[in-house]
Amino acid sequence: MVVGKLRPATVTVDLAAIRHNVKEEIKRLDGHSELFAVVKADGYGHGAVPVARACRAAGATGFCVALLDEALELRAAHFTEPILVLGITPANEAAIAAANDVSLTFGTLEWLQAAAENLAAHANTPLKVHIALDTGMGRIGFREEADLRAACDYLTAHQDTFITEGIFTHFATADEKDTTYFKQQAKRFNELVAVLPRRPKYVHVSNSATSLWHAACNGNMVRFGVAIYGLNPSGRGIPELPYPLQPALSLTSELTFVKMLHKGDAVSYGATYHAAGDEWIGTVPLGYADGWLRRLQGFHVLVNGQPCEIVGRICMDQFMIRLPEQLPVGTTVTLVGEDHGATVSMQDVADYSHTIHYELCCILTQRLPRRYI
Ligand code: PLP
């Protein structure tokens, strides 16, 4: 996709905020724990490579991604730290991971056997692996002790092929106030880990929510994700954070067209909005093709610190707002972020569009240029 470098619409990423969030979390870890920065999905839409650099500068000692391709992007950018792919990579890509010193996740004996075949044919270096345990997330990983034991036996018998670097699980409800299910998962994790003949280098269970609110069971590495970007993993569910997170992302644009409409004049597809009287209407050059969801009709953006309603349907590349007065073309429009003391947060946008801020960050498309400050 073409990056709109010549357009007046920009995602600005504040790397100082990212460094702040990572440093604050590292301060809370015990001296033996490491922080791996989760930079999958292009750093939750913020840009994986610049974010990873900022995290490393702030003390992160490794990275987590979702895809082998994302790991290779970091290697191509000369990151030498450990990189773990959190999802299941096709076993026939094992040799590529080994050659690039990328650690892969597995959750079945069959995967190990298939990966061993690929490594035997194509690799001359062992593959680092992390054992995924499904303690209640229902996504990937071993659920039964017998299956885990069989895999451990296989690993013991194939130490030239695999280095067992880690074991982990993922919590389904770490961001919720009710800790009942969380505790069940933690208990199951300890039962399953006890099956291992020896503890691997990394034992890890914590995403942002776990690390922020359940630090006691962090293991010795945390997979710190959304909080890096300054977003509360619980949304508004648990507002009490151990330290204030600084949101890193803002989204701004400019008015490209301003006109007065008169009573009854319509705006946008379907003519769903009609001016109630004389109204100044501004056009903002950004739309659902940029990830600014169509269902944000009726929400607001900031102009000179004032909320301005989005009127009419959001188009693919443009939307319209009702202005408090005539304003010049080129006036700044803040879709996400701060403007003259007022703020629209990703959480505000998420609430209005009935989703979570995670999703909104990830769907800001590559057409929007990223600027780093
Ligand atoms: N660990 C795993 C296995 C994940 O899937 C994710 C994100 O989805 C994370 C860690 C990071 O989670 P968060 O962004 O909530 O910190």
Ignoring hydrogens and angles, tell me if any N or O in the side chain of Arg370 forms a donor-acceptor pair with the backbone of Leu368 under 3.5 Å. yes
How long is the span from the CH2 atom in Trp280 to the CG atom in Leu323, to the nearest 0.5 Å? 9.0 Å
In this structure, are over 12 heavy atoms from other groups packed under 6.0 Å from Lys259 atom NZ? yes
Are the side chain of Ser211 and the backbone of Ser208 linked by a donor-acceptor contact shorter than 3.5 Å? no
Could you tell me whether Asp134 and Arg139 make a salt bridge, using a distance below 4.0 angstrom between a side-chain N and a carboxylate O? no
Plane angle bin for Trp111 and Phe106 - parallel if under 30°, tilted between 30 and 60°, otherwise perpendicular: parallel
The test is salt bridge (charged side-chain N to carboxylate O under 4.0 Å, His left out); show your working for Glu165 and Lys201 and say whether it passes. CA-CA 5 Å; Glu165 188 184 47; Lys201 180 172 180 192; 5.2 Å; no
Would you say the side-chain atoms of Arg188 pair up with the backbone N or O of Arg143, donor to acceptor, closer than 3.5 Å? yes
Do you know the tightest heavy-atom contact between Val102 and Leu72? CG2-CD2, 4.5 Å
Here the gap from Leu286 atom CG to Thr365 atom OG1, rounded to the nearest 0.5 Å, amounts to 8.5 Å
Assess whether salt bridge (charged side-chain N to carboxylate O under 4.0 Å, His left out) is satisfied between Glu24 and Arg28, documenting all intermediate values. CA-CA 7 Å; Glu24 285 300 309; Arg28 299 177 63 243; over 6 Å; no
Hey, is Arg7 close enough to Asp290 for a salt bridge, meaning N to O under 4.0 Å? yes
Other residues, nucleotides, ligands: >12 heavy atoms within 6.0 Å of Met316 CE: no
Go through the steps to decide whether Asp348 and Arg236 satisfy the test salt bridge (charged side-chain N to carboxylate O under 4.0 Å, His left out), and finish with yes or no. CA-CA 10 Å; Asp348 296 332; Arg236 299 195 199 277; 2.7 Å; yes
